[in-house]
K.L.:
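Before anything else, here's the structure in question.
Chain identifiers are assigned alphabetically (A, B, ...) following the order of the sequence lines, protein sequences preceding nucleic acid strands; residue numbering begins at 1 within each chain. Both backbone and side-chain heavy atoms feed into the values below; hydrogens, waters and symmetry mates do not.
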There are 2 protein chains.
Amino acid sequence: MQVSIDRIRKDIETICSFNATPGKGYTRFSYSAEDLKAREYLLSQFRDLGMECRTDPAGNLRARLEGSSPHAPAVMSGSHIDTVLHGGMFDGLVGTVGALEVARVLREEGIRPVHPYEVVVFAEEEGSNFGTTTAGSKAMVGRYGVEDLKKLKNPEGTSMYEAAKSIGLDPDKLPESILKPGDLKAMVELHIEQSVVLDTEELQIGIVEAIAGIRAYSLSLEGVPNHAGATPMTLRQDPLAGAAEIILEAERAARECATGSAVGTIGRIFCEPNVSNVIPGKVRFTLDARDVKTQGMDEVVEKVRSRMEEVAAKRKLSAEMKLVGESRAIEIGREMTELIESAAMKLGARYRRMNSGAVHDACLIADVAPIGMIFVPSINGRSHVPEENTRWSDIEMGANVLLEALLKLLF
Amino acid sequence: MQVSIDRIRKDIETICSFNATPGKGYTRFSYSAEDLKAREYLLSQFRDLGMECRTDPAGNLRARLEGSSPHAPAVMSGSHIDTVLHGGMFDGLVGTVGALEVARVLREEGIRPVHPYEVVVFAEEEGSNFGTTTAGSKAMVGRYGVEDLKKLKNPEGTSMYEAAKSIGLDPDKLPESILKPGDLKAMVELHIEQSVVLDTEELQIGIVEAIAGIRAYSLSLEGVPNHAGATPMTLRQDPLAGAAEIILEAERAARECATGSAVGTIGRIFCEPNVSNVIPGKVRFTLDARDVKTQGMDEVVEKVRSRMEEVAAKRKLSAEMKLVGESRAIEIGREMTELIESAAMKLGARYRRMNSGAVHDACLIADVAPIGMIFVPSINGRSHVPEENTRWSDIEMGANVLLEALLKLLF
């Protein structure tokens, strides 16, 4: 019993033909015309399989295959179909289409599981439209309510609430459709890795053991902007040189962290006045610290904070470090990782256990049910760009591992 | 015999009333309506003193008091009256008005010098209008010709050539008015320091011994933009962390340079994609290295280059370092510094000898005649901002030192 990579490929290519930026990667924002066409295509596939379909008030599409025990909790699989601006073909789609293909195989093989099987297509995972990632899955588990959907607005000023209404949904009914503990037996998401680990190690499958938590900070250092020629080195209060020390500290702290899994990134920096012959007066930058162990995040953040204080005192700068976002680390239960591992072993996949540094929809479902995550490699680690790529053979292996794991869960 | 600080103050305040951005600092671009009003005011002052005035084809105003030996080379003093956008009250004006006040004192005291005395008001020193600093003085010594004036354009697309024409000048006659060696006996410029040395040391006068040369570079480092969460520290090619090492190397190299006078500044930095949860893919930044000794500039530049190469190799980045501008260091002759020093000593000024890290109009005049420069303190070192400030008592001392020095040169 196997998935068909030809059908999977056709699904991906069809959905990618609904694209707001042809020739410039793939752009399919939630609730856009392209998104609606993709949903229509998926609905037709689900209905052909006799699945019962509904779209929840936040725009998450759920297609259900009844099991032999109708009141048993469902087994869920799926991902998202929205993209970043000028994104790639695989982020989200692999997991969505993989879950659909599992339903096809079940039908084709005449398998009637004990537990109901639900394919889920999450809305607004990327946050490209309304600015917050995993907004659809947050709404599904009750982390976002009706008022939140009204507050989330796209650059045109349309709220997620209004956008849902405009495609015929009734977002006011959101409270009625929230997933509760006990509704699901388990949820498994197949996704591209979005980084270089599997590709570098020439592996096919990553079995996620933990998903990193995030601590996001904005930092600023203020000194005195002065003439780059006339100000001797000894009389400078240069916030960019100070920021350079902190950037290197973030890197060192993450590299040397005892957990072995911490990362620290300064991705964004603004310098004022940003003129070549003026010593900078103010520098603002970000810190994104992640680890699957809270202790690792704490360590990176504290080392950065203490270096910042030292740098500010030494260089006579005023300094600020403000928490702007955080999410907790999630450990995936042993039963789920072992279940997926035995599926990967059975299929002879080259696999490894690993952590996920990225947050996915499954992380939200972890609020209400055990989750599992299967990664397939991203060639050169690239994602969120037109060059994002994964070998069809790796996608096939990923979907087969998903099928194997789900077969175990469905009975 | 002394200058009148009341007259100087009235001159400065009058000229500052011609301001394109009232309430937001002082903005007086060359050839603007405000500049023309300032010139009109100065012309009336020069004419009241019986000085012969002409504006050269590039817009530099020259007012001449004949000496008893009409064919003797003139002694020149002056500075500029244009400002940066939202600049201060003193940059340029102190030296312009100081030179005018010396002419007043000569007249008032009935002194007829042997050498002619020329007050010069340079056009477009700041480069705020046509994008290149000291454009007026460059034209005066023949470094810029008619074709250059045609190429220098302001953001509206008007060339310096056209602007000169629009105020009734004939820029095609530029070649006829170029200063040649022998035309001047000497030139002395009074200017605000524009940095913190004199203010920090509580001094009144700086006697410039040398003007730093400049080597300006643009650098870029390119790595691989990747997911800030999903990419382990060991698999990153982060150009911002690389740039941080180079920024600190520039600082260290300048601080440790054996000349003791080198400075190195990274004033401008751009990061791409500049998103908090993406490891940077490309970083572009500048290096401004200066020293009064060529050897110092060479050392800073070479240390930065070699660190850049090491960083690029270690971090697997591609790197580029491109020279975008340079000017030579100028050593001021002993006769001029000693002349100014004895003037400062005679007046009991708290002074020091020092270098200038900034380029001034006098640096161009150094092509054709011995120059001297007198600095007065900038409070907190601030310049090119509305808060730019110098004590009136310091300006008075500066103008009196100028008067003393010029009296020696004029006979």
Side-chain angles (χ1 to χ4, degrees), chain A residues 193-197 200 212 214 216 218 224-236 238 240-241 243-248 250-251 254-255 261-271 273-280 286-288 290 324 356-359 380-385, chain B residues 193-197 200 212 214 216 218 224-236 238 240-241 243-248 250-251 254-255 261-271 273-280 286-288 290 324 356-359 380-385:
Chain A
E193 182 204 337
Q194 297 186 263
S195 193
V196 290
V197 176
T200 304
I214 308 179
S218 89
V224 180
N226 237 322
H227 197 290
T231 314
M233 297 310 290
T234 48
L235 297 177
R236 294 179 174 219
D238 179 348
L240 183 58
E245 292 193 68
I246 297 168
I247 291 166
L248 293 172
E251 184 183 53
R255 273 186 186 161
S261 46
V263 291
T265 306
I266 281 77
R268 188 175 206 169
I269 187 166
F270 291 104
C271 172
N274 218 30
V275 172
S276 64
N277 60 358
V278 178
I279 299 163
T286 55
L287 168 68
D288 177 304
R290 306 195 193 196
V324 292
S356 170
V359 168
N380 296 321
R382 306 302 306 280
S383 77
H384 286 188
V385 288
Chain B
E193 183 205 336
Q194 297 186 263
S195 195
V196 289
V197 176
T200 304
I214 307 180
S218 87
V224 180
N226 236 322
H227 197 290
T231 315
M233 298 311 289
T234 47
L235 297 177
R236 294 178 174 220
D238 179 347
L240 183 59
E245 291 193 68
I246 298 168
I247 290 167
L248 292 172
E251 184 182 55
R255 273 185 186 161
S261 46
V263 290
T265 306
I266 281 76
R268 189 175 206 169
I269 187 165
F270 290 104
C271 173
N274 217 32
V275 172
S276 64
N277 61 358
V278 178
I279 300 162
T286 55
L287 168 69
D288 177 304
R290 307 195 193 197
V324 292
S356 171
V359 168
N380 296 322
R382 305 302 306 280
S383 76
H384 285 186
V385 287

K.L.:
Just so I understand: if I count every heavy-atom pair under 4.5 Å between each of Ser356(B), Ser218(B), Ala243(B), Pro280(B) and chain A, which residue has the most?
P.N.:
Pro280(B)
K.L.:
Determine whether Thr265(B) and Arg236(A) make a side-chain contact, defined as any pair of heavy atoms from C-beta on separated by less than 4.5 Å.
P.N.:
yes
K.L.:
Using heavy-atom distances under 4.5 Å, tell me whether Pro273(B) contacts chain A through its side chain, its backbone, both, or neither.
P.N.:
neither
K.L.:
Could you state the interatomic distance from CD1 (Ile266(A)) to OG (Ser276(B)), rounded to the nearest 0.5 Å?
P.N.:
11.0 Å
K.L.:
Over all heavy atoms of both residues, which pair between Ala241(B) and Glu251(A) is shortest? Give the atoms and the distance, please.
P.N.:
CB-OE2, 3.5 Å
K.L.:
Using a cut-off of under 4.5 Å on heavy-atom pairs, state which of Ser261(B), Ser383(B), Gly381(B) scores highest against chain A.
P.N.:
Gly381(B)
K.L.:
Give the minimum heavy-atom separation between Ala228(B) and Val263(A), together with the two atoms involved.
P.N.:
O-CG2, 3.4 Å
K.L.:
Counting heavy-atom pairs under 4.5 Å with chain B, which one of Ala216(A), Gly357(A), Ala212(A) comes out on top?
P.N.:
Gly357(A)
K.L.:
Using a 4.5 angstrom heavy-atom cutoff, name the option from Thr231(B), Thr286(B), Ile214(B) with the most pairs to chain A.
P.N.:
Thr231(B)
K.L.:
Identify which of Leu248(A), Asp288(A), Thr200(A) forms the greatest number of heavy-atom pairs closer than 4.5 Å to chain B.
P.N.:
Leu248(A)
K.L.:
Got Val275(A) and Arg268(B) here, is their nearest side-chain heavy-atom distance under 4.5 Å?
P.N.:
no
K.L.:
Looking at Ser195(A) and Pro232(B), what are the two nearest heavy atoms and their distance?
P.N.:
OG-CD, 4.4 Å
K.L.:
Which atom names give the shortest non-hydrogen contact between Ala230(B) and Val197(A), and what distance separates them?
P.N.:
O-CG2, 4.4 Å
K.L.:
Identify the heavy atoms of Cys271(B) and Gly267(A) that sit nearest to each other, and give their distance.
P.N.:
SG-O, 3.6 Å
K.L.:
State, to 0.1 Å, how close His227(A) and Gln194(B) come at their nearest heavy-atom pair, and which atoms those are.
P.N.:
CB-O, 3.5 Å
K.L.:
Taking Asn277(B), Leu235(B), Val359(B) one by one, which has the highest count of heavy-atom pairs under 4.5 Å against chain A?
P.N.:
Leu235(B)
K.L.:
So do the side chains of Phe270(A) and Asn274(B) get within less than 4.5 Å of each other, counting heavy atoms only?
P.N.:
yes
K.L.:
Evaluate the side-chain proximity of Val224(A) to Arg382(B): yes if any heavy-atom separation is below 4.5 Å, no if none is.
P.N.:
yes
K.L.:
Name the member of Asn380(B), Ile269(B), Leu287(B), Val278(B) that forms the most heavy-atom pairs with chain A at distances under 4.5 Å.
P.N.:
Ile269(B)
